[in-house]
Amino acid sequence: MDAVDIIGAIAALCSVSSFAPQALKIIRTGNTEGLSVAMYALTVSGFGLWLMYGIIQSQWPLIATNASCFALSLLILIMLLSPAARRRAAGIAESKVGD
């Protein structure tokens, strides 16, 4: 493993780590309040395009990183668009107001 591969691996770890806490929180709570559908749609598109670019270039750091980030951001987007997730978020918001 050379310096370029090490930089790619560290970048991959940072990128994936940035989305994991948000995705886990949304999975646990179902609360997507305050998140932008447009931002996540754009993010999913960007990661998908970077993934395709990495595949075309046969660059494992791009492939691994963007496949992971694509999956996590897509999960968040699906939760944002999911009627069940919206109902759970509304229930959480209503229960906080009534407390």
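These numbers come from the heavy atoms of this one structure, side chains and all, not from hydrogens, waters or symmetry mates. Count residues from 1 along the sequence.
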In Å and rounded to the nearest 0.5 Å, what is the [atom1] to [atom2] distance from [X] to [Y]?
X	Y	atom1	atom2	value
Leu74	Leu80	CG	CG	11.0 Å
Ile27	Met79	CD1	CE	7.0 Å
Ser68	Leu13	OG	CG	10.5 Å
Asn66	Gln59	CG	CD	11.5 Å
Leu24	Thr29	CG	OG1	10.5 Å
Leu62	Ile56	CG	CD1	11.0 Å

(request) Mark yes or no for whether Ser18, through its side chain, and Ser15, through its backbone, hold a donor-acceptor pair below 3.5 Å. (result)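 Checking the backbone N and O of Ser15 against the side chain of Ser18, a donor-acceptor pair under 3.5 Å is found.
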
(message) Applying ring-ring contact (aromatic ring centres under 6.0 Å, His included) as the test, list every pair that has at least one member in residues 20-45; sequence neighbours left out.
(response)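 Passing the test, one end in residues 20-45: no pairs.
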
(request) Just grab all the ring-ring contact (aromatic ring centres under 6.0 Å, His included) pairs involving residues 44-83, residues at least two apart or on different chains. (result)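 Qualifying pairs, neighbours excluded: Phe19-Phe47, Trp50-Tyr53.
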
(request) Would you indicate whether the side-chain heavy atoms of Asp2 and Ile6 approach each other to under 4.5 Å? (result) no

(message) Using the rule that Ile, Leu, Val, Met, Phe, Trp and Tyr join whenever any side-chain heavy atoms are under 4.5 Å apart, tell me whether Ile26 and Met39 fall into a single cluster.
(response)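 Looking at the clustering, Met39 is in the same group as Ile26.
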
(request) Sort out for me which residue in Leu42, Ile76, Leu81 forms a side-chain contact (heavy atoms from CB on, under 4.5 Å) with Val37. (result) Leu81

(request) May I ask you to list the residues sharing a hydrophobic cluster with Ile63, side-chain cutoff 4.5 Å, ordered by chain and number? (result) Leu51, Ile55

